[in-house]
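Below is one structure, written out as structure tokens; the observations come after it.
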2 protein chains.
Amino acid sequence: MSQGVEWALHCVVNLSYLESGRSGSRTRLAEYYGLSDAYLAKHLKSLVRAGVLVASTGPQGGFRLARAPEDITVLEVVEAIEGAGPSFLCTEIRQQGVCAAPPAACRRACPVAKVMYAADAAWRDSLRQVTIADLGRRVPKTYQKRGADWMRGTLVRP
Amino acid sequence: MSQGVEWALHCVVNLSYLESGRSGSRTRLAEYYGLSDAYLAKHLKSLVRAGVLVASTGPQGGFRLARAPEDITVLEVVEAIEGAGPSFLCTEIRQQGVCAAPPAACRRACPVAKVMYAADAAWRDSLRQVTIADLGRRVPKTYQKRGADWMRGTLVRP
DNA sequence: GCATTAGTACTCGGATACGAATTGTCCGAGTACGCCAGG
DNA sequence: CCTGGCGTACTCGGACAATTCGTATCCGAGTACTAATGC
């Protein structure tokens, strides 16, 4: 799985600590976690396209949550980076080769694919049950405040 | 996810139709599904290393199941190809950057990682509950027999 | 003192190189079967 | 007819390229604030 998922989740959680309407800049986020500033832009852009974040330019601009933290699931963030498509892709190899099954015999989905899709659904269900607000509460209060202060620019040094 | 997972699962299911002690050759498997013969070798080798299949050389040789189909889970086959490690890898970015948390404050696992690991566990549980025998039964009997016949060399043309 | 306007600094966004992992292919090592020759 | 040995054909296994995806980076477009200037 892509490493960008970890970056995106941490960034979204940190942005959730800011009061509504306030934005945190890409550079601040990158410095906070020691990430590549330019590369982080790519992932944040994906989050904007997916409707998780909203971007604004100019001074005091940056990224902010598109909705309340309670209304954003972890799954949404993950799918914004990894893509919403299923991880397993059935290429219907039963319809190929010397003993290929005719399309008429393949009205039922491939049993192999069914199992993989079921596991994929279980994975998504698990991620859908946790929101960004849930995640944010599990961070020690000290770091919640420290993150918000750094994002606002109030905090110069840790 | 790697495409080899689909190949491996179909091949293992097809080998499960052979009577105990009998092997199916790599070439036969590749022709049956229209796959690349040389590349399939790589995946079958992974299955041998993982203890799912047993290989034997020489005429009448090939691959056979290392255990009964009821004792091989889908998860084992998937992990043989994809690797047993978790799909999500926490790099502890909370311990990096200007506001890095000291190691002493990180005795608890990262909340982000916890959620991802839980989803990973759900995915694995789902795959662990299905065996190769289960999967084999879900294929129409006609194709079960056709696959076995082709593996034995009895069947020349579909 | 106030409004206007030009400048500046800060932000995101797309286009562009680099590296690693998956995909794909080839040739060599080893083994079991079958055939042939000798007894 | 039986037995031993040799050859052949078939199998897997590891080593070697090509392509795709994830990683990493730079520079340009746009906006809001600021400050200076003229009225």
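A note on names: the letters A, B, ... follow the listed sequences, proteins ahead of strands, and every chain is numbered from 1. The shown structure was predicted, so the numbers you read here are calculated from the model rather than taken from an experiment. Computed from heavy atoms alone, side chains included, the values below leave out hydrogens, waters and symmetry copies.
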Look at B/R49 and D/dG14 and indicate whether a side-chain polar atom (N or O) is within less than 4.0 Å of OP1 or OP2. yes
Phosphate OP1/OP2 of D/dG30: any A/T57 side-chain N/O under 4.0 Å: no
Here the distance between atom C1' of D/dT11 and atom CG of B/L53, to the nearest Å, is 15 Å
What is the distance, to the nearest angstrom, from the CH2 atom on A/W7 to the C1' atom on D/dA24? 9 Å
Tell me: CD of A/Q3 to P of C/dA21, nearest whole Å? 12 Å
Here the pair of heavy atoms bringing B/S87 nearest to B/D120 is OG-OD1, 2.9 Å
Closest to side chain of A/P59, choosing from C/dG24, D/dG22, C/dC10: C/dC10
Can you figure out which of C/dT25, C/dT23, D/dA24 approaches the side chain of A/S36 most closely? D/dA24
Round to a whole Å and report the spacing from CG of A/L44 to P of C/dG13. 9 Å
Toward the 5' end of DNA chain D, by each residue's nearest nucleotide, A/A41 or B/G61: B/G61
Taking NZ from A/K42 and C1' from C/dT11, how many angstroms apart are they, rounded to a whole number? 19 Å
Within the 3.5 Å criterion, strictly below it, is a donor on B/E92 or B/Q95 matched to an acceptor on the partner's side chain? yes
Could you give the CG-to-P distance, from B/D37 to D/dC10, as a whole number of Å? 13 Å
Are the side chain of A/E76 and the backbone N or O of A/T73 linked by a donor-acceptor pair below 3.5 Å? yes
Short side-chain to backbone donor-acceptor contact, B/E82 and B/S2, under 3.5 Å: yes
To the nearest 0.5 Å, tell me how far A/Y17 OH sits from A/Q144 CD. 4.0 Å
Looking across every strand, which nucleic acid part, if any, lies under 4.0 Å from A/A55 by heavy atom: base, sugar-phosphate, or nothing? sugar-phosphate
Look at the side chain of A/K45 and the base of C/dG14, then say whether one donor and one acceptor between them are separated by less than 3.5 Å. no
Quick one: is D/dT25 close enough that its OP1 or OP2 comes under 4.0 Å of any side-chain N or O from A/Y39? no
Return the 5'-most residue of the pair A/R26, B/T27 with respect to DNA chain D, ranking by each residue's nearest nucleotide. B/T27
Just call it for A/Q60: base, sugar-phosphate, or nothing, with non-hydrogen atoms closer than 4.0 Å on any strand. nothing
Between D/dG22 and A/S2, is there an OP1 or OP2 to side-chain N/O distance shorter than 4.0 Å? no
B/M1 CE to C/dA21 P, in whole Å, measures 18 Å
